[in-house]
> 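Below is a structure I'd like to ask you about.
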Amino acid sequence: MIHVHPHGGPGTENRILRRALVVLLSAVLSCLAFAAPGRAAVAQRNAAPGTPPAAATDWSVAVVNSTMARYTPTSIGGWSYPVGLYLYGQYQVYLRTHNATYLSYIKSYVDRFVDSRGNISQSFNSLDSMQAGRLLVILHHETGQAKYATAAKKIRTRLNTYPRTSDGGFWHADSSSRAHQLWADGVYMVNPFLVEYGREFNDSTYTNAEAVKQLVVYGSHLQQPSGLLKHAYDESKSVSWADPKTGLAPESWCRAVGWYAMASVNVLDATPAGQPQRDTLLGAFQRLAAGLEHYQDPATGRWFQVIDKGSRSDNWTETSCSSMFTYALSRGVQQGYLDAHYAGVAAKGYQGVLARLSTGSDGRTNLTNISIGTNVGDYAYYVGRTKATNDFHGLGAFLIMNEQLTAAAGTPSAPARTAAVRTPAAPAAVFDVRSYGAKGDGSTNDSPAITKAVNAASAAGGGTVEFPAGSYKSKNTVHLKSNVTLQLDTGATVLGSSAKTYDAAESNPNDAYQDYGHSHFHDAMFWGDHLTNIGFTGSGTIDGAGNLITGNPGAGQADKIISLTHCQNLTLSGITLRRGGHFAALINGCDHVVSDHLTIDTAGDRDGWNVISTTNATITNAHIAANDDALVFKSDYALGAKLPNGHVTVTGSTLSAKCCNALMFGSETCGDFTDYQFQGIIITGASKSGLGMVSMDGANITDVHYKDITMTGVHSPIMLKIGTRKRCGNSPGVGHISGITYDHITATGVSPNFSPTLWGESGGNRISDVTFTGVDITVPGGSAAISTAVPSNNATDYNPNSIGTRPAFGWYLHNANNIHFIDSSVRFAANDKRPAVIANSGSSVTFDHFTAQRGSGSAYDVGFQTVSGYCVSASANTTGGALRVNTSGSSQSCATAAPLDSLDGPA
């Protein structure tokens, strides 16, 4: 909480509090002493190598300084709850140390999203999207600036109309894929914000009551006799993971329970003893504490990924939830909510978390075994999640825990409270490839020298491999290493080779689920797997030189420049990638990617950059000219699992694609996508889609936002399609597309033209909740009138031409609900006798201040075929006349409010 104002609890709480203080202080100080090097790791299970932390180090300061050294406020990621959680933890460290740089960093991050008038480009259609709202309340409290209050009020107001279960629980997200569902994660995403908002803005009567109610409602469904909670509940009992009788998810996933534990403490702290239902919440928290004590791993003090199945050999202890439980138990004892003996449980948990923390050779901290973002699944799904290092879920939870344990002990860890400005990490050592034998003469094979330099940097604990000006022929695959950055100076070019001596493509049992090039990673100029802190920087070039293969490579041939799997903390900035074969860059299963001023020229080859199953990426000022797809986001099954995608920002970039798609989702779409922001983008050509989005293989695509984009020379300006290819492991169903916004988009199409299209599947797989604001499209036109019947469709093909000629020259909508056009227009360059818009099979399709050019000889302007709840208001043709509306089997409703977009993301 921003301020701690403990309220006098009932008599039981006060008696517990008096007993607890001495016990807690003793336990925590004992724990701190036990964290000396060596001893903390004696019984450690699943421990990672590294230097274990010593008690004399201020680990909160060390973690914050390390994170600020790794990321700027711009590169740390988009508006998301993992970043919000981390920065809330950083704020707790600021409150203790008063280091102004910590608060300034938080403000710089938030100001990326909040303008001077308090506008924030978020629609808050999921609980996940609300968590970072705590930072708005913090900044209003710290600065007094009204813009933060305005932005925070948007979340508070959104809750007035946010969907709920029949007993009042907030849905996890306002989307068809999360309808009627309560996820334990969600209580932390909104309820701490609520009580803090109420305190800051004098709204506590509502916010306290709502927050307590939410926790009680969630607990009534999720809490089990063991005290633990199941991950989620579906009131409709229709989603695949829900028990058909109870609606419950099958497992107790530890971080979901951790979110509930922390939220319970935060809300108990904020609400007075007499608050209705507070005693019910307190009882639920006490039962949860008993369950946590029972299932704590006695060997490590931590808790297992699936909490109550620690005896299974493939289960593992997870760091973020262990931090959350440690925090909640310690705080519960300190506040008198729990018996004093839980201080010992917390102290043991603290010891276990510290065993996961180490300092690398670069002086920066590393926190290991953190589960990446996770949806609802079965046991195998949870234990198979990637174990990440320095994931924000873990870093944020650690800081919150460490500040609580430090405060509970009453003695801050060294150094002193008032830390000075951040001390930057020592500069990385430089390893000049020429010092390792590289000639840079354009003919000598410099791969062995490059490899030697990379290995030397790795052996030194990390460093920069420098390429001075010169032409470096590279005939062999260079194997990248963690903590090594390749820096190409001005005038430096690494050249591909036709010698057929690159690494062979590895076998992949999952070949059948994606194209060959996506299934194999070793056949590249540069390759790496499970690497951390790697980069390509500078101003030089890597040029395949026409020697990389655009199809399936033969023995010794490469088909990509850069190939990375399971990477973390990747920087790809400043350099140029040219003639990359099938891919200039292919990354799969990566997390925390930063790219600035990257140039890719593969206009004579194939793809620019394929970003596959990747989370937390920031791409700025890219210039990508491709033949196939320029910048494309995919999720395939090449790594043998459906992996998450999301929290991505792309700004200030220029894209073009000769044959295919400029900015694309798919076609490989196994895992879900959420939280994408595209802004300030110029697209100068695409023979398929300018802005394309398809869900072919069961993916749910939500919370994607396009703003300030200009397109010219595009054959299909905007296309959204749900298909039924289902090319993914584990028998996927049909996907969903929802919660998409287009804001201030201008597009000029060229022939052959494919009308802008939204094409969903029937039933529960319609496209939904898409809003177009200030979207102006000009198409070539020139068509005669044709049948207005539904055109043909190949449901297993994603190409815009997989759908027959659209019967409208402008927008064609099929199987689409809640689609809204505001202040938008569609025109043609040559007279077109088709209607401007046809919507077929859908609901709540509205046009407000919409302008459509009227074709000479067209029968009508806007047609609705089997659409319930259509509305055309304040709209006209380009000469000011009223639009001609034709309806068939449709009903009008102009009272329907335009919806906000939705977000559902893993927690």
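Any value given below was found using the heavy atoms of this structure, including those in side chains, with hydrogens, waters and symmetry copies removed. Just so we're clear, the structure is a prediction, and the values are computed from it rather than from any experiment.
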> Can you find a heavy atom in the side chain of Val217 that is under 4.5 Å from one in the side chain of Gln214?
no
> Would you check if Tyr86 and Val64 make a side-chain contact, meaning some heavy-atom pair closer than 4.5 Å?
yes
> Under the side-chain hydrogen bond (donor to acceptor under 3.5 Å, both in side chains) criterion, do Ser613 and Ser635 qualify, and how do the steps go?
CA-CA 5 Å; Ser613 299; Ser635 179; 3.2 Å; yes
> Can you say whether the rings of Trp183 and His231 are parallel (under 30°), tilted (30 to 60°) or perpendicular (over 60°)?
perpendicular
> Between Tyr676 and Asn645, do the side chains contain an N or O donor and an N or O acceptor separated by less than 3.5 Å?
no
> Before giving the answer on ring pair (Phe, Tyr, Trp, His ring centres under 6.0 Å), spell out for Tyr81 and His393 the whole-Å C-alpha distance, their side-chain angles and the decisive distance to 0.1 Å.
CA-CA 9 Å; Tyr81 76 86; His393 295 91; 5.3 Å; yes
> Would you say the side-chain atoms of Asp529 and Thr565 include a donor-acceptor pair closer than 3.5 Å?
yes
> Any side-chain heavy atom of Val345 sitting closer than 4.5 Å to one from Leu292?
no
> Run the side-chain contact (heavy atoms from CB on, under 4.5 Å) check on Leu281 and Ser264 step by step: do they pass?
CA-CA 7 Å; Leu281 173 59; Ser264 296; 3.8 Å; yes
> Any side-chain heavy atom of Gln335 sitting closer than 4.5 Å to one from Val265?
no
> Using the side chain to side chain donor-acceptor pair (under 3.5 Å) criterion, which residues pair with Asp378? Sequence neighbours excluded.
none
> So does Thr326 get a backbone contact from the side chain of Ser330, meaning a donor-acceptor N/O pair under 3.5 Å?
no
> Do you know which two heavy atoms are closest between Ala256 and Ala184, and how far apart they sit?
O-CB, 3.5 Å
> Check side chain to side chain donor-acceptor pair (under 3.5 Å) between Ser252 and all other residues, then give those that pass, not counting sequence neighbours.
none
> Could you walk me through whether Phe673 and Phe633 satisfy the ring pair (Phe, Tyr, Trp, His ring centres under 6.0 Å) test, starting with their C-alpha distance in whole Å, then the side-chain angles of each, then the deciding distance to 0.1 Å, before giving a yes or no?
CA-CA 9 Å; Phe673 299 78; Phe633 298 90; 8.0 Å; no
> Restricting to side chain to side chain contact (heavy atoms under 4.5 Å, CB included), what partner residues turn up for Thr280, sequence neighbours left out?
Val216
> Walk me through it: do Thr702 and Arg178 pass the test side-chain hydrogen bond (donor to acceptor under 3.5 Å, both in side chains)?
CA-CA 11 Å; Thr702 63; Arg178 298 294 184 264; over 6 Å; no
> Nearest 0.5 Å, please: how far is OH in Tyr350 from CG in Leu405?
5.5 Å
> Do NZ/NE/NH1/NH2 and the carboxylate oxygens of Glu318 and Arg385 come within less than 4.0 Å?
no
> Partners of Asn765 by side chain to side chain contact (heavy atoms under 4.5 Å, CB included), sequence neighbours excluded?
Val734, His736, Glu761
> Would you call Lys642 and Tyr381 a side-chain contact if the rule is heavy atoms closer than 4.5 Å?
no
> Sub-3.5 Å donor-acceptor pair from the side chain of Asp174 to the main-chain atoms of Asn125, do we have one?
no
> Just by modelled atom types, is the Ile372 backbone N or O under 3.5 Å from a matching donor or acceptor in the Thr374 side chain?
yes
> Cut-off 3.5 Å, side chains only: do Asp167 and His221 have a donor facing an acceptor?
yes
> Report the distance from atom CG of Asp675 to atom CG of Asp703, rounding to the nearest 0.5 Å.
5.0 Å
> Does the side-chain contact (heavy atoms from CB on, under 4.5 Å) test come out yes or no for Asn390 and Leu395, once each step is laid out?
CA-CA 6 Å; Asn390 297 329; Leu395 296 178; 4.0 Å; yes
> So, for Lys634 and His518, which heavy atoms are closest and what is the spacing to 0.1 Å?
NZ-NE2, 2.9 Å
> Is Trp79 reaching over with its side chain to a backbone N or O of Ser129, donor-acceptor style, under 3.5 angstrom?
yes
> Grab the two heavy atoms, one from Ser80 and one from His647, that are nearest each other, plus how far apart they are.
CB-ND1, 3.5 Å
> Do Phe285 and Leu338 have side-chain heavy atoms sitting under 4.5 Å apart?
yes
> Whether the side chain of Thr532 engages the backbone of Gln568 through a donor-acceptor N/O pair (distance < 3.5 Å, no angle test) should be reported.
no
> Is it the case that Asp591 and Thr615 place a side-chain donor and acceptor less than 3.5 Å from each other?
yes
> Check for a donor-acceptor pair, side chain of Glu506 on one end and backbone N or O of Phe521 on the other, with a separation under 3.5 Å.
yes
> Asn366 and Thr389: side-chain hydrogen bond (donor to acceptor under 3.5 Å, both in side chains), yes or no, with the steps?
CA-CA 6 Å; Asn366 292 302; Thr389 298; over 6 Å; no
> Does a donor on one side chain and an acceptor on the other come within less than 3.5 Å for Ser322 and Arg356?
no
> Has the side chain of Arg331 got a donor or acceptor atom that lies under 3.5 Å from a matching backbone atom of Met262?
no
> Is it true that a side-chain atom of Asn616 and a backbone atom of Gly77 form a donor plus acceptor pair closer than 3.5 Å?
no
> Kindly say whether Leu399 contributes a backbone atom to a donor-acceptor pair with the side chain of Gln92 at under 3.5 angstrom?
no
> Has Arg302 got a side-chain atom pairing as donor or acceptor with Gly352's backbone, closer than 3.5 angstrom?
yes
> Grab the two heavy atoms, one from Arg134 and one from Phe193, that are nearest each other, plus how far apart they are.
N-CD1, 3.9 Å
> Apply side-chain hydrogen bond (donor to acceptor under 3.5 Å, both in side chains) to Tyr637 and Asn730, showing your working.
CA-CA 10 Å; Tyr637 208 71; Asn730 296 325; 3.1 Å; yes
> In terms of side-chain heavy atoms, does Asn508 have a donor or acceptor partner in Ser519 at a distance below 3.5 Å?
no
> Show, in sequence, the C-alpha distance, side-chain angles and deciding distance for Tyr188 and Gln131, and conclude whether the side-chain contact (heavy atoms from CB on, under 4.5 Å) test is met.
CA-CA 7 Å; Tyr188 188 81; Gln131 191 280 334; 3.9 Å; yes
> How about Asp636 and Tyr513: do any of their side-chain heavy atoms sit closer than 4.5 Å?
no
> Strictly under 6.0 Å, is that where the ring centroids of Tyr218 and Tyr260 end up?
no
> Which atoms form the tightest heavy-atom contact between Ala232 and Leu222, and what is the distance?
C-CD2, 3.4 Å
> Got Trp253 and Arg255 here, is their nearest side-chain heavy-atom distance under 4.5 Å?
yes
> Where is the tightest heavy-atom contact between His172 and Tyr162, given as atom of each residue plus distance?
O-OH, 3.3 Å
> For residues 240-248, run the donor-acceptor check on the side chains, cut-off 3.5 Å, and write out each pair with its distance to 0.1 Å, sequence neighbours left out.
{"from": "Asp243", "atom 1": "OD1", "to": "Lys245", "atom 2": "N", "distance (Å)": "2.7"}
{"from": "Asp243", "atom 1": "OD1", "to": "Thr246", "atom 2": "N", "distance (Å)": "3.0"}
{"from": "Thr246", "atom 1": "OG1", "to": "Leu248", "atom 2": "N", "distance (Å)": "3.2"}

> side-chain contact (heavy atoms from CB on, under 4.5 Å), that's the test. Do Phe325 and Ile307 meet it? Break it down for me.
CA-CA 11 Å; Phe325 296 148; Ile307 307 179; 3.9 Å; yes
> Applying side chain to side chain donor-acceptor pair (under 3.5 Å), can you list everything that pairs with Asn191, at least two apart in sequence or on another chain?
none
